[in-house]
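What follows is one structure encoded as structure tokens, with my remarks underneath.
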Amino acid sequence: MEFAKGEPEGETEAGNGAGSEAGAEVEPGTTRPGGRTARVRAAVLRAAGDVLAERGFAHLDLTDVARRAGVGKTTVYRRWGTVTGLVTDLLSDMAQQSVPRTETGSLLGDLTANTRLVARTLADPRQGALFKAVIAAATCDTKAAEALHGFYAVRVEEWAPCVVRAAARGEVPDGTDAHEVVRAASAPLYYRLLTTTLPLDEAAADRAATAATVAARAGAYVRDA
């Protein structure tokens with residue numbers, strides 16, 4: 001499989017693991033990650049992601065996560081408190097570990113790098129199942145929805161400068177909404193994931209990037225005056 005410039009093989013938008021010791025401080029809890037604290041967090045978030053991927057949000061249980069992570073359940077309840085608190089921290093960690101944007105010098109190249117990264121993420125057996133579980137939870141749980149929105153806000157913000165630079169080069173009209181362009185590029189891939197069994201391959205990713213680029217160039221995402 002080919003990979004866009006700056007995207008090493010095997011990387012996905014949500015990263016390759018959970019709970020990096022270099023991660024930033026997150027809520028709930030106020031202890032700065034490092035040493036044992038970071039290792040416990042990594043183990044718990046990894047276990048939570050496994051449960052979400054295997055069984056879905058409805059079966060996410062803090063006691064089960066503690067058992068899988070090999071830590072005391074008191075530690076898990078004290079730090080995360082609730083299932084949605086754990087999901088919030090998991091998505092925060094995933095956003096922190098996500099692959100940074102690629103800048104190729106053209107809007108089409110940048111959006112293609114983005115959509116190929118999204119497609120790899122959603123096609124990954126574990127990551128794709130995890131996102132399906134969280135998306136399903138977000139439809140009926142306010143806290144899960146807030147956590148999911150927070151993850152995507154971080155990712156869209158990461159890639160928006162590609163559109164800003166495209167506007168500066170004259171590729172798209174002034175006033176183009178960079179965030180809307182980034183959302184438009186990945187949206188067909190999520191639709192494909194949730195409504196079909198069609199493959200999330202590079203061809204699908206490239207079509208999505210091309211469609212968003214053509215629409216942006218035509219002024220479809222210019223902000224209303």
Original post:
Would you call R41-D89 a salt bridge at under 4.0 Å N-O?
Top reply: yes
Original post:
Could E157 and R155 be called an ion pair, given the rule that one side-chain N must be under 4.0 Å from one carboxylate O?
Top reply: no
Which heavy atom in [X] sits nearest to a heavy atom in [Y], and how many Å separate them?
{"X": "T102", "Y": "C162", "result": "O-SG, 3.7 Å"}
{"X": "N114", "Y": "V182", "result": "ND2-CG1, 4.4 Å"}
{"X": "D110", "Y": "G105", "result": "OD1-N, 3.9 Å"}
{"X": "W159", "Y": "P100", "result": "CZ2-O, 4.1 Å"}
{"X": "L86", "Y": "A48", "result": "CD2-CB, 3.7 Å"}
{"X": "T84", "Y": "A144", "result": "CG2-N, 4.2 Å"}

So how far is it from [X] [atom1] to [Y] [atom2], rounded to the nearest 0.5 Å?
{"X": "L52", "Y": "L130", "atom1": "CG", "atom2": "CG", "value": "5.0 Å"}
{"X": "D201", "Y": "L198", "atom1": "CG", "atom2": "CG", "value": "9.0 Å"}
{"X": "L200", "Y": "T121", "atom1": "CG", "atom2": "OG1", "value": "10.0 Å"}
{"X": "T112", "Y": "L107", "atom1": "OG1", "atom2": "CG", "value": "8.5 Å"}
{"X": "R223", "Y": "D177", "atom1": "CZ", "atom2": "CG", "value": "4.5 Å"}
{"X": "T88", "Y": "K143", "atom1": "OG1", "atom2": "NZ", "value": "7.5 Å"}

Original post:
Tell me, which pairs form a ring-ring contact (aromatic ring centres under 6.0 Å, His included) where one or both residues lie in residues 171-206, sequence neighbours left out?
Top reply: Y152-Y190
**OP:** With sequence neighbours excluded, give me every ring-ring contact (aromatic ring centres under 6.0 Å, His included) pair touching residues 102-138.
**Re:** F131-F151
Subject >> All salt bridge (Lys or Arg N to Asp or Glu O under 4.0 Å) counterparts of D124, not counting sequence neighbours >> reply: none
Original post:
Do you see a donor-acceptor pair shorter than 3.5 Å between the side chains of T142 and E146?
Top reply: no
**OP:** Please test V134 against L90 for side-chain contact (heavy atoms from CB on, under 4.5 Å), starting from the C-alpha separation and ending with a verdict.
**Re:** CA-CA 11 Å; V134 176; L90 174 63; 5.8 Å; no
Original post:
Is T104 reaching over with its side chain to a backbone N or O of S106, donor-acceptor style, under 3.5 angstrom?
Top reply: yes
**OP:** Examine distances only and state if a side-chain atom of R192 and a backbone atom of P199 form a donor-acceptor pair shorter than 3.5 Å.
**Re:** yes
**OP:** Could you check if a side-chain atom of V51 sits within less than 4.5 angstrom of a side-chain atom of F57, using non-hydrogen atoms only?
**Re:** no
**OP:** Walk me through it: do R207 and L189 pass the test side-chain contact (heavy atoms from CB on, under 4.5 Å)?
**Re:** CA-CA 10 Å; R207 283 195 299 272; L189 303 175; over 6 Å; no
For the hydrophobic clusters of this structure (ILVMFWY residues joined by side-chain heavy atoms under 4.5 Å, transitively), does one cluster hold both [X] and [Y]?
{"X": "V118", "Y": "V154", "value": "no"}
{"X": "V71", "Y": "V87", "value": "yes"}
{"X": "V181", "Y": "V156", "value": "yes"}

Side chains of residues 208-221: which donor-acceptor pairs under 3.5 Å do they make with residues two or more places apart or in other chains?
| unit_1 | atom_1 | unit_2 | atom_2 | d |
| --- | --- | --- | --- | --- |
| T210 | OG1 | D206 | O | 2.9 |
| T213 | OG1 | A209 | O | 2.8 |

Original post:
Mind checking what makes side-chain contact (heavy atoms from CB on, under 4.5 Å) contact with A205, not counting sequence neighbours?
Top reply: T115, R116, A119
**OP:** For side-chain contact (heavy atoms from CB on, under 4.5 Å), just list the numbers for Q127 and L122, CA-CA rounded to whole Å, side-chain angles, deciding distance to a tenth of an Å, and then say yes or no.
**Re:** CA-CA 6 Å; Q127 298 281 23; L122 300 181; over 6 Å; no
Atom pairs and distances, donor-acceptor, side-chain atoms in residues 61-69, under 3.5 Å, two or more places apart:
| unit_1 | atom_1 | unit_2 | atom_2 | d |
| --- | --- | --- | --- | --- |
| D61 | OD2 | T63 | N | 3.1 |
| D61 | OD2 | D64 | N | 3.0 |
| T63 | OG1 | Y77 | OH | 3.2 |
| D64 | OD1 | R67 | NE | 3.4 |
| D64 | OD1 | R67 | NH2 | 2.5 |
| D64 | OD2 | R68 | NE | 3.4 |
| R68 | NH1 | E54 | OE1 | 3.0 |
| R68 | NH2 | E54 | OE1 | 3.0 |

